[in-house]
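Report on the following structure.
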Amino acid sequence: MLILIIASVVLMTADHRWHQLEFMRSALSNLLYPLQYTIDLPIRFYYWSDEALSSREALSDENRKLKELHLQSRVQLQKLDIIEKENARLRELLSATPKISEQTLVAEIMSVDVDPYRQLLMLNKSSRDGVYDGQPVIDAHGIMGQIVHVNATSSTMMLITDASHALPIQVNRTGLRAVAFGTGKTDTLDLRHIPHNADIREGDLLISSGLGGRFPPNYPVATITRVERPLGEPFARVSAEPLALLDRSREVLLVWHNAPGTDGTAGDETTKPAETATQTDEQ
Amino acid sequence: MNSNARISTLTIISAFMLTIIPLPAWAQALRPDWVTLVLIYWAMAIPASIGVTIAWSLGLLLDVAHGALLGQHALGLVLVTYIVHSQHQRMRISSLLQQAIVVFFLLIIKQLMVLWVSGIIGQAPDIGLYFVPSLVGALLWPWIYIILRDLRRRFGYRAM
């Protein structure tokens, strides 16, 4: 019993301090995967049957709507395309760093509860798909979070609203840089250490700044919902609401951003897997 | 593998499934700690075959399932199993109500260990509803006890 208690303490220290136990976690999670798969199966079946049993009209209706939407997006993309080319040309003229190219892969969230007090989700993509520790995850509306554990059959992601998560951001309107901290609630982010006189208002769009190297820059993150400037406190109280549908999405996008030049500044473990990921990517 | 081992393995697997099954958001904070409850029963009923080592391994699995630090739940489960082992004869003859009270404190001890470690690494959760699962677990204890006892009597052999 004493030996086991000491073993637990040693394991916890090793896991917390040096992050050396991923192989063990991965092996244990293989044991759990059949259970998680079984739990996920009925829900997967529900979505499948929803698709398979819906009527022809409904499907063609949806198809028509999607085609319209696709057309609209194409039109907008054309404009963007031109702007992007112009931007690249201008950057060339200035001999600035080239724009970052990104690759994505769709992953599905498994319907498995992890811990009510942490904002973690299970994804059905794993190291076989080239997923790496610290990889950013987005959905159609904005940044969702990052991968924290990669296993052989699944991976765990942490939402940006987890209480231990911090995301470097920028106010789109003014370029003011800040860090958005998770609060543990799916609809709130906290911006700390914003001085009273900072130009920040309700409704401002926050985008990722790409500082820290983990998240790609210029993705939408959140909108400011509340700015308070209490007298007698050194900093303003600013909270924001994430744009990504953190509690509703079922499909998410894993992003590989191979930024030439910025990779070296990535800090800890993000640098190495980024290169391997590009080779194994399916697209 | 004798019949007791088989039935205890099956019930522990079902406990794990109950732990990860998706619940609506309001019920998530109330979910009792199924694995600990089932483990308490088996540690009490067949202490010779459910030792602290098994409890520790189950705890590691629970850590992976919860995405917690490896060893966090393991530490709690080892402590709980150790206490049950030292008290199992007294617990077996007490009434269901008394057992439920003891189970309540065992669940609290386990949660305290987990909370303590989370606190040390700076991930302390909101304390508001944190101990409600222990209460729910204790309230469910009579049913868990009766169900598991009947399962053991029917499918396992009586080791007492």
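All values derive from a computational prediction rather than experimental measurement. Numbers restart at 1 for each chain; the letters A, B, ... are given by sequence-line order, proteins then strands.
Residue contact with chain A, scored on non-hydrogen atoms closer than 4.5 Å, involves the backbone of B:Ala68 exclusively. Interface remark: A:Leu4 contributes backbone and side-chain atoms alike to the contact with chain B (heavy atom separation under 4.5 Å). With a 4.5 angstrom heavy-atom cutoff, A:Ser29 touches chain B via backbone and side-chain atoms both. Contacts between A:Ile43 and chain B at a heavy-atom distance below 4.5 Å involve the side chain alone, from C-beta outward. Both the backbone and the side chain of A:Arg25 have a heavy atom closer than 4.5 Å to some heavy atom of chain B. Contacts between A:Leu28 and chain B at a heavy-atom distance below 4.5 Å involve backbone atoms as well as side-chain atoms.
Around the CD atom of A:Glu228, the shell of radius 6.0 Å holds more than 12 heavy atoms that belong to other residues, nucleotides or ligands.
When only modelled atom types and interatomic distance are considered, B:Tyr41 and B:Arg149 share no side-chain donor-acceptor pair under 3.5 Å. At a cut-off of 3.5 Å, with distance as the only test, a side-chain donor of B:Gln72 or B:Ser118 sits close to an acceptor on the other residue.
By number of non-hydrogen pairs under 4.5 angstrom with chain B, the leading residue of A:Val9, A:Thr38, A:Leu32, A:Val148 is A:Leu32. Put simply, of B:Thr53, B:Leu75, B:Leu70, the one with the most heavy-atom pairs under 4.5 Å next to chain A is B:Leu70.
One distance of note links CG of A:Asp139 with CD of A:Glu251; it measures 11.0 Å at 0.5 Å rounding.
Here A:Asp187 pairs with A:Lys185 under the side chain to side chain contact (heavy atoms under 4.5 Å, CB included) rule; sequence neighbours left out.
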N/O donor to acceptor pairs below 3.5 angstrom from side-chain atoms of residues 14-31 of chain B, sequence neighbours left out:
{"from": "B:Ser14", "atom 1": "OG", "to": "B:Leu10", "atom 2": "O", "distance (Å)": "2.6"}
{"from": "B:Ser14", "atom 1": "OG", "to": "B:Thr11", "atom 2": "O", "distance (Å)": "3.3"}
{"from": "B:Thr19", "atom 1": "OG1", "to": "B:Ala15", "atom 2": "O", "distance (Å)": "2.7"}
{"from": "B:Gln28", "atom 1": "NE2", "to": "A:Asp113", "atom 2": "OD1", "distance (Å)": "3.4"}
{"from": "B:Gln28", "atom 1": "NE2", "to": "A:Asp113", "atom 2": "OD2", "distance (Å)": "3.2"}
{"from": "B:Gln28", "atom 1": "NE2", "to": "B:Leu23", "atom 2": "O", "distance (Å)": "3.3"}
{"from": "B:Arg31", "atom 1": "NH1", "to": "B:Leu18", "atom 2": "O", "distance (Å)": "2.7"}
{"from": "B:Arg31", "atom 1": "NH1", "to": "B:Thr19", "atom 2": "O", "distance (Å)": "3.1"}
{"from": "B:Arg31", "atom 1": "NH1", "to": "B:Ile21", "atom 2": "O", "distance (Å)": "3.1"}
{"from": "B:Arg31", "atom 1": "NH2", "to": "A:Asp113", "atom 2": "OD2", "distance (Å)": "2.7"}
{"from": "B:Arg31", "atom 1": "NH2", "to": "B:Ile21", "atom 2": "O", "distance (Å)": "3.0"}

